[in-house]
Amino acid sequence: MATRSIIAMKINEKESMAIYCHYDGYLEHNGMLLELFYNAPEKVEKLINMGDLYCLEQELEPDPTKPHTRLHPQKNVSIFYGRDTQSADSDAVTVATDQLGNLSNWIEHIYWFDGKEWKHSNVYDTKKLRFKSLKKELQSVQPYIDYINQINGEQK
């Protein structure tokens, strides 16, 4: 089963640019990858401009000398509906930020970049968003803790 999510970035005080991600929307995957690998405005903008995702990974661009499709993806490379499956209607959309939870049925997580940091909200039955600091939420997620400890150990 898919854990669907919305990944968005602030455009102005009322609007955001958003994409849909079909798989692995939970904190231990999308949350961790966004915080670790897409944590600067230019990286977030590049990600969002690629359009809807099948699956987020550490890298956006595949090695152009090798095949990369949804069925045969390159390791650690994101799979996009438009680029990798030639799906139409997969571009990012502009939406009122308070409506991010209404973009698609079955969404469980919203990740929103406010220009400085990632915020996260579960989508509740009321579709009311309660954004919290993603970095703080990840401090209790074991794969994130392990990764940070591994990086810190390598830097000593």
Side-chain angles (χ1 to χ4, degrees), residues 1-10 16-85 87 90 92 97 100-101 103-156:
M1 281 198 77
T3 304
R4 298 163 180 92
S5 63
I6 296 294
I7 301 171
M9 66 181 221
K10 178 181 178 179
S16 294
M17 184 74 76
I19 58 174
Y20 167 82
C21 185
H22 190 70
Y23 282 109
D24 304 325
Y26 45 89
L27 286 169
E28 295 86 347
H29 188 84
N30 280 6
M32 191 168 116
L33 290 174
L34 290 168
E35 182 64 33
L36 293 171
F37 298 101
Y38 302 96
N39 53 13
E42 60 276 2
K43 290 180 180 181
V44 176
E45 187 173 349
K46 187 172 181 180
L47 167 64
I48 299 292
N49 285 333
M50 297 287 293
D52 293 341
L53 283 159
Y54 192 75
C55 184
L56 178 67
E57 292 295 341
Q58 296 174 14
E59 302 288 334
L60 295 180
E61 300 293 337
D63 178 341
T65 65
K66 299 176 183 172
H68 176 74
T69 65
R70 181 182 71 82
L71 297 177
H72 302 286
Q74 291 178 25
K75 186 176 180 169
N76 297 325
V77 178
S78 300
I79 304 169
F80 290 91
Y81 280 103
R83 180 189 70 198
D84 303 320
T85 70
S87 296
S90 61
T97 301
L100 286 168
L103 278 177
S104 181
N105 292 333
W106 312 105
I107 295 296
E108 296 179 49
H109 299 273
I110 306 277
Y111 297 98
W112 181 67
F113 190 75
D114 69 3
K116 296 179 183 171
E117 71 172 322
W118 283 105
K119 305 284 186 174
H120 170 258
S121 178
N122 288 319
V123 178
Y124 300 94
D125 292 336
T126 61
K127 301 286 186 181
K128 181 171 173 69
L129 303 178
R130 298 177 184 108
F131 285 113
K132 298 177 185 174
S133 167
L134 177 58
K135 189 171 203 158
K136 287 182 183 175
E137 286 194 321
L138 286 170
Q139 290 174 353
S140 63
V141 173
Q142 195 59 50
Y144 179 77
I145 295 166
D146 293 344
Y147 186 84
I148 295 301
N149 287 339
Q150 179 184 6
I151 290 172
N152 290 337
E154 291 172 0
Q155 291 176 352
K156 290 182 179 181

Min side-chain heavy-atom separation Val44-Trp118 under 4.5 Å
yes
In short, Leu138 meets Ile145 closest at the heavy-atom pair O-CG1, 4.5 Å
- Can you check whether Phe113 reaches Pro41 side chain to side chain, under 4.5 Å on heavy atoms? yes
Separation between CD1 (Ile48) and CE (Met9), nearest 0.5 Å, reads 6.5 Å
Taken in chain and number order and not counting sequence neighbours, the residues that satisfy side chain to side chain contact (heavy atoms under 4.5 Å, CB included) with Leu36 are Met32, Tyr144, Tyr147, Ile148
Distance col, row Leu100:CG vs Ser121:OG, nearest 0.5 angstrom, shows 9.5 Å
Sorted by chain and residue number, the ring-ring contact (aromatic ring centres under 6.0 Å, His included) partners of Tyr111 (sequence neighbours excluded) come out as His120
Tightest non-hydrogen contact, residues Leu60 and Pro62, listed as O-CD, 3.8 Å
In terms of heavy-atom contacts, Gly25 and Ser5 come closest through CA-OG, 3.7 Å
His29 meets the ring-ring contact (aromatic ring centres under 6.0 Å, His included) criterion, sequence neighbours left out, with none
Residue set satisfying side chain to side chain contact (heavy atoms under 4.5 Å, CB included) with Lys119, at least two apart, ordered chain then number -> Trp112, Asp114, Glu117, Phe131
Note: Arg83 and Met50 closest approach over all heavy atoms is NH1-CE, 3.3 Å
Those residues at least two apart in sequence (or on a different chain) that pass side chain to side chain donor-acceptor pair (under 3.5 Å) with Ser90 are none
> What do the steps show when you test Leu47 against Leu53 for side chain to side chain contact (heavy atoms under 4.5 Å, CB included), and what is the final call?
Replying inline: CA-CA 9 Å; Leu47 167 64; Leu53 283 159; 4.1 Å; yes
Residue set satisfying salt bridge (Lys or Arg N to Asp or Glu O under 4.0 Å) with Glu108, at least two apart, ordered chain then number -> none
**Under 3.5 Å: donor-acceptor pair, side chain of Glu137, backbone of Leu27** = no
For this session: List the steps, then state whether side chain to side chain contact (heavy atoms under 4.5 Å, CB included) holds for Leu56 with Asp24.
Result: CA-CA 8 Å; Leu56 178 67; Asp24 304 325; over 6 Å; no
With sequence neighbours left out, the residues meeting side chain to side chain contact (heavy atoms under 4.5 Å, CB included) with Asp84 are His68, Ile79, Phe80
Thr69 meets the side chain to side chain donor-acceptor pair (under 3.5 Å) criterion, sequence neighbours left out, with none
Do other residues, nucleotides or ligands put more than 12 heavy atoms under 6.0 Å from Lys10 NZ? yes
Should Asp146 and Gln142 be marked as a side chain to side chain donor-acceptor pair (under 3.5 Å) after you check the CA-CA gap, both sets of side-chain angles, and the distance that decides it?
CA-CA 6 Å; Asp146 293 344; Gln142 195 59 50; 2.6 Å; yes
### Query
Looking at side-chain heavy atoms only, is the closest gap between Val123 and Ile110 below 4.5 Å?
yes
Residues Cys55 and Cys21: closest non-hydrogen pair is CA-SG, 4.3 Å
Applied to residues 36-64, the side chain to side chain donor-acceptor pair (under 3.5 Å) test, sequence neighbours excluded, yields Tyr54-Arg70, Asp63-Thr65
Value for CG (Leu103) from CD1 (Ile6), rounded to nearest 0.5 Å, stands at 4.5 Å
State, with a plain yes or no, whether a side-chain heavy atom of Asn122 is found less than 4.5 Å away from one of His109. yes
